[in-house]
Amino acid sequence: MLWVTCPRCGHRPIDEFKFGGEIPDVPASITDDAARDLDRVWMFNNVDGVTTERWFHEGGCRRWMTLKRDTHLDRVIED
Amino acid sequence: MTDISDGQPQVEVRSSATPAGRIVIDNQPIEFFAGDTVAIAAIRAGQHPATGGTLCLAGDCGNCCAIVDSTPWVRTCQTKAKPGLAVLRQPAVGAPALNLTPPKSAVSSPIAAVIDVRHINADVIVVGGGASGTAAATQASADGHTVTILDANEGNEVVGIYAGPTVIVRTPEGMRHFHAHEVIVATGAADLQPACEGNLSKGIYTAGAAATLAETHIELDNALTVTSQPVRIVADDNGWVSGVVTADADGNDVLSDCNSLIVDLGHMGRDLLSRMTDERAVTIVGPAAEHYPLPPCPTSGIVCSCSKVTVEDLDGVWLRGFNELELVKRAALFGTGTCQGGVCMPYLRSFVADRAGSVPEPFTARPISRQLTIGEASAGAYADNFRMSPLHDEHLKLGAQMDRFGGWWRPWNYGDVLGEYWAVREAVSLGDVSTLGKMVVSGPDVVEVLERLYPNNVHDIKVGRSRYVLLLNERGHLLDDGMICRESETRFVLTFTSGGASFAEMWVRDWVETWGLDCHILDRTTSLAAINVTGPLAGELLRRVGVAEPPKFLQHRHETVAGVPCHIMRLSFTGEASFELHHPVHRSVELWQTLMAEGRALGIKPHGLQALFGMRLEKGHVIVGMDTELDSSPRRIGMEWAVKMGKPYFVGLEALKRVEPLPDHRRLFGFTMASPAPVEGAPIYHDGTIVGHVSSSFDSPLLGKAVMLGWIKREPFPDTVTIDGRTATVSAPPFYDAEGRRARA
Amino acid sequence: MPEQLRFAHVDARRIVAKPAAMDAVTWPTGTIALRIADDDVLLIGAGTTDITAITDITVADEHAIISDDAGWSGIWLTSAQVESIALRHIHWPLPPQRPVLAQGLIAAIPSKLWLGPDGDALLLVATVSVDEMQERLS
Amino acid sequence: MNEFVETLLDLHWHEPKSSYDVVIVGGGGHGLATAYYLATRHGITNVAVVEANYIGSGNSGRNTTIIRANYGIPESIRFYQHSMDLYKTLEDDTGCWIMHNTKGLIWLAHTESAMRSERARCQLNTAMGTETIMVDPAEIKQLCPQIDLTGSGRYPVLGASHHVGASTARHDRVVWAYAQGAMRLGVHVLQNTPVTGLLMDGDRVTGVKTATGNISAGVVMSAVGGDVTQFAAHAGVRLPIRTHPLQAFVTNGYAQGFGPIISDTELLSYVSQTARGQMLIGAEYDRQQSFSRQSSFDFLQSCATKVSYLLPFLKNLRIMRQWTGRCDVSSDFSPVMGFTPAPGFVITTGWGTWGFKAIPAGGEAMAELIATDTTPEIIEPFSLNRFATDHSMADQGSTGTR
């Protein structure tokens, strides 16, 4: 069971949260506007390691939070 | 003790204690003593608890598995004997039958917690109450930790250690989920079992098992102990050990007679629990962590007793080129039975080391470490959370057939779909739309927020007016649709579809936060119920319940209706004049009952989703998720009019601009054809090839023909197509009241 | 939980406003302010207070959303009942301080649990989910 | 010797070379099938399949072995139907026993909207030549007597679509069938050889870097599962892929007694009995992206709960083992096959939870693409550039399912 500390509600099992996905981050090497949009909406960085992502505390305060997670081990990184 | 069944008089009960009761093994009653496990009771009675094989009596192997009280694959060495317990030996060849009799707990819904489950927050968990576990617990305690020892001998079987670390334990009282800071695995060492010909005989015990039997005052008959791998174990016609062949110093075979064989071949660390997790807070101590020398490479007989894999099998796969430990395992199906390699792994490693010349790592440890039933695993969990409108009981009273839609129970019909349809078209009808998403947004930046969220214009919506809007994602594809109602310069009410409501709140909050704009959000989906009063007499009904002047089309206002505070929105999904009355959930029943009572004289009937889906189709209204697909843009569904490409920004604008010059190769069209209407999903053909499919269809009682929406996904778009072997005409919706006079009436 | 728990409608007022404005409010006596988030309060009556009669709530935020919130059902629980529910149906630790609002899944249903100063507690759940909740807790 | 061993054919291992016409990265089903069809259909045998671990060690050895074609869009139905057809003759073609067993798949509906979806599925499947028919509760009970049609009082079964030709095969043996067939014709399979990078000549991919040295290649194909985003990045190729864990579990073995595959789109779970008698149970992939292959008890608990509603007898059964694979889910839930912007670098990915059933058709098509330097028509809809051309292939009816 993974646990997340919601800044409003406290320590909670991750099944109370909805996964909002990675925060899109288009590589700077893509410079054309349309190409950047295409990459932003269809492609993923799919990081194997520490990534910053959004989670929504659906079962509690119903607010978003941004957290870091190591996708290699699937561990939430608590600050 | 007398001989029963195929057993032999090999034991002697030295205790003078009286038996605690009887269990039944293969329909033969046997006595047991207080504290006996099923396996020990069987051995005491001169029997093997299963069909054969070395017994460890420590839960490591699967050789004592039997069908206990109808449940197959139960380790009898870990099952306490209870009076009346029925034990059947599992078939020696093949597998036990699937027991189709549901357990008592399945008679009721799985929602009822039958097995007690508790979540316990713990500091330090020590798995194993032996010497190393006790020592580790004492140390942790001295370091100021609160320690919980989980010992299988006390009935606390650790099923697995998962991320967290979370320790899942089966106890006599139920399932326990320990959420720990630290876990110390001190599970000790398991006895190696013999890997030689004859090792599936009855009457073979590991040294540990023999010690356990001694503790329970069972003395093995004519027992012999061997401390090196036997050459061969010899058995009688009943499968009981009658002797053992060992090699003497010169390598010559020597046969020794015995009725019981004790094998003392060394140990292997019970490290399965620590190997199945990558959790850093899990450590392993004591004999469990030790590296034991691998046994000599086996030369004959069954090596993996769960899956009956022989040395010959291992050689067979090796010679065929399967020369990786994992490939050998998979090809020979080695170590994939009850013990999951728990006792046979050293022999496999020893085999591969012998053939390959280097010692391989053990294969991956996968949960679970102790068998659990699916019922035990499921305890305490729920699959879904169905929501109910406050009008649920009213619908039932009116004979509604309820259906689940978007996570809610909703009336599918009230038993008279056609009557419901005509009530809307000719008189007045009520629809329960409590499930719609409803949200209040307010703030200095609210117009900016909505202009960015929606592709349509928002700033020019007048106070007291509303507008239909699409919600797009960043790909320019449809997420949802709904209404925007302006309440003041800086306050709006938004509606979303029933299925989209939960997502909509996440979506709106995410963007408002991302943009850093100043706008309050209050989701009112579950606080407000809503009743749609629709039909040519809807306005009249409202007047009869005290609304002197019902709002005009696309107007909305707050007004008390029959004593209930309502937000009345005038719109139309059915094609007739429609007033959605949004009101507090706890006043819904009285409002519904008043409307039904006052409407009786007008011919009122409630309508369900089934009639609604048909009526909206006559109007050509798209249902998001039913007519649209995950990648439907406004252009593809013919709703470019709801998109203002000239706006500086809205979510999805960049994508729509990017694809604007690309050819339009998919489009949702309206179709008509003679009744009967084809099944929804029916393929659409043109020139003999499939070019699309029908997304919704309806036999229009009013129009006397079938009306449809459907996708054509190949250019050029034809004017006529073939559906269901018949000709259908492409026909732009709406199919009914194209001018919208009735909705505005 | 052997006894059948019967939830009842709870009148409430919902206030959404700037966090600073929210911090500055003194809530009327006889009310319990459940702070769902910095900008979000669910105000309910304590004891005999009729929350619907309290209409003079002012928050220093001209854009504040102040509305009736009729969507909740609740039940008052003794500390023993809380303990029994927590043991079986709450997977997270209850906060130690009192009074306090704890929100999260209870029996896998989104819930608000207000733990009062005297050990009593109010369990709130959306009325649309109350049937599921009652079945799961019984 | 047991029958599982007796029926295996030999794997012929070769000494690696430093150059091949084609290097396929990833020794799972897709990589090996591509090599097999390159050799058998196109006579191209100067091929190496480079595998970081042992063959079939990724998702090919971790899936739930279901083979079906009852998809929701014509392009997918056609592709998967072709794959099913290839599976049917695979034992004859390769001489390997893959334990292929046609048992049918029952896709249950509990709501009117689910019934509508299943009716639509039947319509389109039938039109495409895939036998999928609606069955009523009585017929379902006949096909699967173990089912509780009331869904324990909570998920009443209104009906189902019955995908008659659905089957299962032993996952490992499919991998080995392709491996031995390809190796016999001279294809090299290099195990324990992690690829650490790509050799590039400008934009063009010219080979792979491995821990034991560089291997040059005329064409490099990625049949990588799980790490494909990172691998394609070596060629500067961005992918519409997110990697999620997919978990499953099996019970101990029981005598054969459970006929069809039971699947449920509302409860998102499925159940079948393996050739070894184990009940094999799975559900949807984990919500969050992750590369971890650690199983979770949450999964076991929720999956066990879901299947217990429909098949209460399962509650008695003993769970033996659970496991986790990594599945690469594409932006529109359809696979990605074909050329990439990098010359000399082709890819097969986005297999989500349906990669096993696609092995024969995917391998056959990719072999043809490599051999002819042209995209075969059957996989044309699944090209990587479909997103740029506004031809995404969203198959709503198949998302979140196996």
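Proteins come first, then strands; the chains are lettered A, B, ... in the order of their sequence lines, and each starts at number 1. Fair warning: this is a prediction, and the values are worked out from it, not measured in the lab.
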Between D/V49 and D/G27, what is the shortest heavy-atom contact and its length?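 It is CG1-CA, 3.6 Å.
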Which heavy-atom pair separates D/K209 from D/L198 by the least distance, and what is that distance?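 Answer, listing the atom of D/K209 first, then D/L198: CE-O, 3.6 Å.
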Would a distance-only check, ignoring hydrogens and angles, find a side-chain to backbone donor-acceptor pair under 3.5 Å from D/H110 to D/Y155?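 Between the backbone of D/Y155 and the side chain of D/H110 there is a qualifying donor-acceptor contact (under 3.5 Å).
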[atom1]/[X] to [atom2]/[Y] distance, rounded to the nearest 0.5 angstrom?
X      : Y      : atom1 : atom2 : value
D/L384 : D/F339 : CG    : CZ    : 12.0 Å
D/F79  : D/F382 : CZ    : CZ    : 6.5 Å
D/F345 : D/R204 : CZ    : CZ    : 13.0 Å
D/T353 : D/F333 : OG1   : CZ    : 10.0 Å

Test of understanding: with salt bridge (Lys or Arg N to Asp or Glu O under 4.0 Å), list the residues that count as partners of D/E75, not counting sequence neighbours.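 Per chain and number, D/E75 pairs via salt bridge (Lys or Arg N to Asp or Glu O under 4.0 Å) with no residue.
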Measuring heavy-atom distances to chain A, does D/I241 have an atom under 4.5 Å in its side chain, in its backbone, in both, or in neither?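 Backbone plus side chain of D/I241, per the 4.5 Å heavy-atom cut-off to chain A.
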Under 4.5 Å heavy-atom distance to chain A, tell me which part of D/F387 shows up: side chain, backbone, both or neither.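 The answer is both parts of D/F387.
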Report which part of A/L38 has an atom under 4.5 Å of a heavy atom belonging to chain D: side chain, backbone, both, or neither.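 Side chain of A/L38 only, per the 4.5 Å heavy-atom cut-off to chain D.
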Less than 4.5 Å apart, any side-chain heavy atom of D/P341 and any of D/V237?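 A side-chain contact exists here, since the closest heavy-atom pair is under 4.5 Å.
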Any heavy-atom pair between the side chains of D/V195 and D/V23 that's under 4.5 Å?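 SC-SC contact between D/V23 and D/V195 ruled out.
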Residues forming a side chain to side chain contact (heavy atoms under 4.5 Å, CB included) with D/T193, sequence neighbours excluded: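 Result, side chain to side chain contact (heavy atoms under 4.5 Å, CB included) vs D/T193: D/V50, D/L190, D/T210, D/T212.
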Atom pairs (donor, acceptor) spanning chain D and chain A, under 3.5 Å:
unit_1: D/T229; atom_1: OG1; unit_2: A/N46; atom_2: ND2; d: 2.8
unit_1: D/Q230; atom_1: NE2; unit_2: A/N46; atom_2: O; d: 2.9
unit_1: D/R238; atom_1: NE; unit_2: A/D39; atom_2: OD2; d: 2.8
unit_1: D/R238; atom_1: NH1; unit_2: A/N45; atom_2: OD1; d: 2.6
unit_1: D/R238; atom_1: NH2; unit_2: A/D39; atom_2: OD1; d: 2.7
unit_1: D/R238; atom_1: NH2; unit_2: A/D39; atom_2: OD2; d: 3.4
unit_1: D/R238; atom_1: NH2; unit_2: A/N45; atom_2: OD1; d: 3.2
unit_1: D/L239; atom_1: O; unit_2: A/F44; atom_2: N; d: 3.1
unit_1: D/T243; atom_1: N; unit_2: A/N46; atom_2: OD1; d: 3.0
unit_1: D/T243; atom_1: OG1; unit_2: A/N46; atom_2: ND2; d: 2.8
unit_1: D/R287; atom_1: NH1; unit_2: A/F17; atom_2: O; d: 2.3
unit_1: D/R287; atom_1: NH2; unit_2: A/I14; atom_2: O; d: 3.3
unit_1: D/Q288; atom_1: NE2; unit_2: A/D74; atom_2: OD2; d: 3.3
unit_1: D/Q289; atom_1: O; unit_2: A/R69; atom_2: NH1; d: 2.7
unit_1: D/Q289; atom_1: O; unit_2: A/R69; atom_2: NH2; d: 2.6
unit_1: D/Q289; atom_1: NE2; unit_2: A/E22; atom_2: OE1; d: 3.4
unit_1: D/Q289; atom_1: NE2; unit_2: A/N46; atom_2: OD1; d: 3.3
unit_1: D/S290; atom_1: OG; unit_2: A/T71; atom_2: O; d: 3.4
unit_1: D/F291; atom_1: N; unit_2: A/T71; atom_2: O; d: 2.7
unit_1: D/S292; atom_1: N; unit_2: A/H72; atom_2: O; d: 3.4
unit_1: D/S331; atom_1: OG; unit_2: A/W42; atom_2: O; d: 2.5

Within residues 54-63 of chain D, which residues come under 4.5 Å of chain A, heavy atom to heavy atom?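 Result: none.
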